[in-house]
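Take a look at the structure set out below.
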Amino acid sequence: QVQLVESGGGLVQAGGSLRLSCAASGRTFSNYAMGWFRQAPGKEREFVAAINWSGSNTYYADSVKSRFTISRDNAKNTVYLQMNSLKPEDTAVYYCAAGFHPSTNFYQYANWGQGTQVTVSS
């Protein structure tokens with residue numbers, strides 16, 4: 001098991017930026033692929049971005065491609081999500097997750113953080 005704690009959420013105006021962090025503890029962080037998902041009120045949890053164990057491969061939902069960047073620092077046991085050009089439709093609770101392979105499917109991830117709220121005002 002790996003424990004995950006997200007931070008960095010908040011309220012930002014449309015067009016602004018936020019950087020989310022997810023700190024991991026427990027099992028060896030570099031053994032895991034990491035993903036970011038989000039869930040807006042009344043909607044299903046959706047894939048945002050994923051990264052493999054080394055950081056050499058990244059994957060994005062079409063809705064965030066070219067605006068969001070996922071990265072990781074294995075020395076700090078942390079994965080990041082840099083979010084630029086934010087839109088009101090990006091408003092959601094953002095979750096990080098750890099799994100054995102980078103995937104767009106939430107059920108491929110066994111470990112989840114508690115989430116951090118991102119609100120983008122128009």
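The model shown is predicted, which means the values in this text are computed figures rather than measured ones.
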Note: Asp90 and Tyr94 closest approach over all heavy atoms is O-OH, 2.6 Å
For this session: Using a strict cut-off of less than 4.0 Å between a Lys/Arg side-chain nitrogen and an Asp/Glu carboxylate oxygen, indicate whether Lys65 and Asp62 qualify as a salt bridge.
Result: yes
For Gln108, is there any backbone N or O sitting under 3.5 Å from a side-chain donor or acceptor partner on Ser103? no
Minimal heavy-atom distance between Met83 and Val118, with the atoms involved, is CE-CG2, 3.9 Å
For Ser122 and Ala14 the tightest heavy-atom approach is CA-CB, 4.4 Å
d(Thr78 OG1, Met34 CE) to nearest 0.5 Å is 9.0 Å
Checklist entry - Quick one: does Tyr109's side chain get under 4.5 Å of Asn111's, heavy atoms only? => result no
Minimal heavy-atom distance between Phe29 and Val79, with the atoms involved, is CZ-N, 4.0 Å
All heavy atoms of Asn52 vs all of Arg72, minimum pair found to be O-NH1, 2.8 Å
So CD of Glu46 and OG1 of Thr104: to nearest 0.5 Å the spacing works out to 11.5 Å
Checking Trp112, Tyr95, Phe106, Tyr107 against Phe37 for ring pair (Phe, Tyr, Trp, His ring centres under 6.0 Å), the one that qualifies is Trp112
Between the CG atom in Leu81 and the CZ atom in Arg19, the distance rounded to the nearest 0.5 Å is 10.5 Å
Answer whether the closest heavy-atom distance between the side chains of Gln3 and Val5 falls below 4.5 Å.
no
Under 3.5 Å, side chain of Asn57 to main-chain N/O of Pro102, donor-acceptor pair present? no
On the six-membered ring of Phe47, is Arg38 placed so that its NZ or CZ lies under 6.0 angstrom from the centre and within 45° of the ring axis? no
* Asked: With under 30° as parallel and over 60° as perpendicular, where do the rings of Tyr32 and Phe100 fit, or are they tilted in between?
  -> parallel
Open item on the list: Any side-chain to backbone donor/acceptor pair from Tyr80 onto Thr69? Under 3.5 Å, distance only.
Closed with: no
Q: Please answer whether the main-chain N or O of Cys96 pairs with a side-chain N or O of Glu6 as donor and acceptor at a distance below 3.5 Å.
A: yes
Q | Thr91 side chain vs Glu89 backbone, donor-acceptor pair below 3.5 Å | A | no
Ser85 backbone acceptor or donor facing Arg67 side chain under 3.5 Å
yes
ask   = Same cluster for Val120 and Val93 if Ile/Leu/Val/Met/Phe/Trp/Tyr side chains link at under 4.5 Å?
value = no
(Q) Under a plain distance cut-off of 3.5 Å, with no hydrogens placed, do Ser30 and Thr28 share a side-chain donor-acceptor pair? (A) no
### Query
Under a 4.5 Å cut-off applied to non-hydrogen side-chain atoms, are Asn31 and Trp53 in contact?
no
Nearest heavy-atom contact between Leu11 and Ser121 is CD1-CB, 4.3 Å
Checklist entry - Are the side chains of Leu20 and Thr116 in touch, meaning some heavy atoms are under 4.5 Å apart? => result yes
When rounded to the nearest 0.5 Å, the distance separating CD of Gln114 from CG of Leu4 is 9.0 Å
Side chains of Ser17 and Asn84, donor plus acceptor under 3.5 Å
yes
